[in-house]
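Shown next, in structure tokens, is the structure this report addresses.
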Protein chains: 4
Amino acid sequence: MGRDIAAAGEFDVGQTAPRHHGNRHGRSEHARQAVLEAADDLLVEKGFAGVTMEGIAASAGVAKQTIYRWWNSKTDVLMDAFLQDAAEQLTPADYGDVARDLRTHLRQLAHFLSKSDPGAVFRALIGQAQHDPVFAAAFRTRYLDDQRRRDRLPLERAAQRGQLPADLDVAAEVDQLVGPIYYRVLVTGEPVDQDFTDQLVNGFLRRLPTTLPA
Amino acid sequence: MGRDIAAAGEFDVGQTAPRHHGNRHGRSEHARQAVLEAADDLLVEKGFAGVTMEGIAASAGVAKQTIYRWWNSKTDVLMDAFLQDAAEQLTPADYGDVARDLRTHLRQLAHFLSKSDPGAVFRALIGQAQHDPVFAAAFRTRYLDDQRRRDRLPLERAAQRGQLPADLDVAAEVDQLVGPIYYRVLVTGEPVDQDFTDQLVNGFLRRLPTTLPA
Amino acid sequence: MGRDIAAAGEFDVGQTAPRHHGNRHGRSEHARQAVLEAADDLLVEKGFAGVTMEGIAASAGVAKQTIYRWWNSKTDVLMDAFLQDAAEQLTPADYGDVARDLRTHLRQLAHFLSKSDPGAVFRALIGQAQHDPVFAAAFRTRYLDDQRRRDRLPLERAAQRGQLPADLDVAAEVDQLVGPIYYRVLVTGEPVDQDFTDQLVNGFLRRLPTTLPA
Amino acid sequence: MGRDIAAAGEFDVGQTAPRHHGNRHGRSEHARQAVLEAADDLLVEKGFAGVTMEGIAASAGVAKQTIYRWWNSKTDVLMDAFLQDAAEQLTPADYGDVARDLRTHLRQLAHFLSKSDPGAVFRALIGQAQHDPVFAAAFRTRYLDDQRRRDRLPLERAAQRGQLPADLDVAAEVDQLVGPIYYRVLVTGEPVDQDFTDQLVNGFLRRLPTTLPA
DNA sequence: TATTAAACGAGACGGTACGTCCAGTCTTAGC
DNA sequence: GCTAAGACTGGACGTACCGTCTCGTTTAATA
């Protein structure tokens, strides 16, 4: 579906990409992948300043113009790279238990943001968003809004199960759960371990009204 | 005395700085101020991409080399500019009441981050910190550590007054209070109004153990 | 002709050059000519110190990088400019008479060195050669060696005609003929008129052995 | 003699100069010497481009302003340095024999120009003269005119002795004698050995009218 | 003996040009 | 019709020196 690369597979099943130099079939999937991977690699290896359009083109073995044909800027490339291999790692599981769901999700979020390669890309994109309002809007539209929806799932599911007060401000509660994690990652740079994320869940549970239906 | 520029004041009272072109007083205060203000202005007017060393030099009426003599990069300049006119705006007041102290401080923090000019500089610097680990470390050393200390003050004072549990993890609690604000400012871009910050304080109070000395 | 850009005119009759902005034809002839002319003009108008890479770029309407792509330094540009429009002005004519050939050639050489615009460029290049041994070697390889060969032509032709002693040291004789001209131009700065050059030829003839075939 | 500082010796016989930091006597001889030597050394070691006012100041242990107080430019310094230790090496000896005088003088001139350290400075200055007419004029006034006068001495002395035709154009003859040497040094870069200079003298003698008083 | 003024070191300053890097555009040839 | 290739304009980068300008100190002549 959608971003599936295998669509190219119609004429290329099970082989390496044909590496054509232009044709009438439309966009070269080979070039697209090479660009995204090159951008990703450059970021992880050399940091944000080491990612340049020329560098991506060179290490992807692709012409600069080919990049500009499909993307507007290096952050646009990075965003695509990020969306492709990172987006779905953060869908919270559903164990039917809000406490467990939250604990698992926050642990995963913390790990993703502070330890994984896609997390490094994410931090770079968030950084860029502070410098460029247009990019910030695009990034929110293409990723953050979805992610916030996913972050809300555990609470919404619990609410549907009647395990939470009907009038709970889910959005605000979620901000209180994930906000401190982002804060540590983006601002203080402290490690975010399980104790910390578990404590966030505990705090959430403690500030709920005590009288609830089992 | 010594290299104090104000020494000129003895015979120059109430006038503009003497605008020397280098001498062994050492650094020109005039140039320093002009650079910091120019950087600040450019950031607010044209955004981060509009801040260049050449632009700062030109609009400060200063030679590029003079900037490089004292700063390493445009973010270094911006950090100085930020520290100079923003650092102390975020010292929490002390009303002797932890709830009131927190409410006031968080409102102020939210306003500073999302509405003020220094807040724009701050966001730019945090953005840069995502791209540049060396800068991140410097920024934390020169500003964020202090700010975290200030953020802890309301809770520490309350703890000293015996109004909080002795075993309260102050650092973690502060992260839960300010984290959501930074999250909204840096990540979601949502406005942060008083309802939101007050709710954070309420949540904090609610998750305290109920039995406390008055 | 010479530096006429209109060579492109075969397919572009009566119009300005196509002025492309880079393509895979390779090098832009328009840019090349503009740079050489700008360098030439700047040297004549403002002297050697007035020739800068930035100045050339600006007055040629060309990006600095385009210059650096094809030349290494301003003297490299000047050498190309010189070679292009000056190299062949100094080929001695052949009247079949060594005295007349020499007289004509030395007059032309003197005029070229001390009065013409290319001569001004030449003097600047010789000046640079005193400061930069690498450039000196390049200049000798690319121009001076050829010129010395041309300077020898009148004597060599006369020798072939049997009008000169078989054992004449042609190279040394040529140095005695042209050396004083260069000396006046480069060292004393005195004008070099026809009397002077004719006297050189007379001296040459007089120091030949008197018994020669007619 | 030469660059002997011993003028200061009145109160400092046989010791190093007193190294004062300014006084109302006037100029510091120590600083003057240090500058000239530093300029000389830099030229020989690093070439003309390696001579900068800042470099001279640094390696002379002198403030830049001290140099600018007494000289106008690096070529001005170099000219002084040259004049001081090189000027008088080129006074032709007087053996009473024009052939011998010339032979000796031209050999010495050739060696000076192409082999000695002062010769390297001289070439740099001549190079600069090609780039800067004002400097060229100064150099001619302060050195070259004198040198030409010295170069004429052998012929003038011979003329006074009645050994040369009364109507000999001494200036032109001298140009024909020294010109080829300068030409080789400045233009072709060829070595100038004794054969070459002796041949110049022979040529001169041969083109004299044969009937002369003994 | 105390004052004074020229020359000194130090070094910051406003500038100009350097040579490099990358962004983003454009044109062509190959498949 | 998309690609690789690559030359182009434009502009910021960070560096090196330029020549100018104090400043605080040293020093010998003068008062």
Side-chain angles (χ1 to χ4, degrees), chain A residues 18-28 30-31 49 51-55 57 60-70 72-74, chain B residues 2-3 7 18-28 30-32 49 51-55 57 60-70 72-74, chain C residues 18-28 30-31 49 51-55 57 61-70 72-74, chain D residues 11 18-28 30-31 49 51-55 57-58 61-70 72-74:
Chain A
R19 185 86 203 239
H20 59 178
H21 281 219
N23 57 36
R24 319 205 149 161
H25 301 303
R27 180 168 190 178
S28 158
H30 177 273
V51 183
T52 66
M53 289 301 240
E54 302 211 326
V62 143
K64 223 169 30 156
Q65 185 57 35
T66 300
I67 306 183
Y68 279 106
R69 203 188 319 282
W70 302 107
N72 294 319
S73 61
K74 69 176 183 178
Chain B
R3 61 173 53 190
R19 181 95 202 231
H20 63 236
H21 281 221
N23 55 37
R24 82 179 295 194
H25 288 316
R27 181 166 190 179
S28 159
H30 177 274
R32 189 178 150 272
V51 183
T52 65
M53 290 300 240
E54 302 217 323
V62 144
K64 223 171 25 157
Q65 186 56 40
T66 297
I67 307 184
Y68 281 106
R69 205 189 325 278
W70 303 108
N72 295 320
S73 61
K74 70 177 184 177
Chain C
R19 183 90 202 240
H20 63 235
H21 281 220
N23 57 37
R24 84 180 290 194
H25 288 319
R27 181 165 189 178
S28 158
H30 177 275
V51 184
T52 66
M53 289 300 240
E54 302 215 324
V62 143
K64 221 172 21 159
Q65 184 57 37
T66 297
I67 307 183
Y68 280 106
R69 202 187 329 278
W70 303 107
N72 294 320
S73 61
K74 69 176 185 176
Chain D
F11 51 88
R19 183 87 205 238
H20 62 209
H21 280 220
N23 57 40
R24 35 185 333 180
H25 289 317
R27 180 165 191 179
S28 157
H30 176 275
V51 183
T52 66
M53 289 300 240
E54 302 213 325
V62 143
K64 223 171 24 158
Q65 184 57 33
T66 298
I67 306 183
Y68 280 105
R69 205 187 323 279
W70 303 107
N72 294 320
S73 62
K74 69 176 185 178

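To find a chain, count down the sequence lines: A is the first, B the second, and so on, and within it residues start at 1.
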**OP:** Considering just the side-chain nitrogens and oxygens of A/Thr66, establish if one lies under 4.0 Å of OP1 or OP2 belonging to F/dA4.
**Re:** yes
Subject >> Reported CD-to-NZ distance for the pair C/Glu54 and C/Lys74, which is rounded to 0.5 angstrom >> reply: 12.0 Å
**OP:** Could you walk me through whether D/Trp70 and D/Arg27 pass side-chain contact (heavy atoms from CB on, under 4.5 Å), step by step?
**Re:** CA-CA 9 Å; D/Trp70 303 107; D/Arg27 180 165 191 179; 3.5 Å; yes
Subject >> Under the side-chain contact (heavy atoms from CB on, under 4.5 Å) test, residues paired with B/Ala57 that sit two or more places apart >> reply: B/Lys64, B/Ile67
Subject >> Whole angstrom value for the distance that separates C1' of F/dA5 from CZ of C/Arg27 >> reply: 18 Å
**OP:** Provide, to the nearest angstrom, the distance between the CZ atom belonging to C/Arg69 and the C1' atom belonging to F/dC8.
**Re:** 6 Å
Subject >> Nearest-Å distance for atom pair CD1/C1', residues D/Ile67 and E/dA10 >> reply: 13 Å
Original post:
Does OP1 or OP2 of F/dG6 have a side-chain N or O of C/Trp70 closer than 4.0 Å?
Top reply: no
Original post:
Along nucleotides 19-24 of chain E, 5' to 3', which nucleotides get a B, which get an S, and which get a -, given that the test is a protein heavy-atom distance under 4.0 Å?
Top reply: BBBSBB
Original post:
Taking atom CG of B/Asn72 and atom CE of B/Met53, what is their separation to the nearest 0.5 Å?
Top reply: 8.0 Å
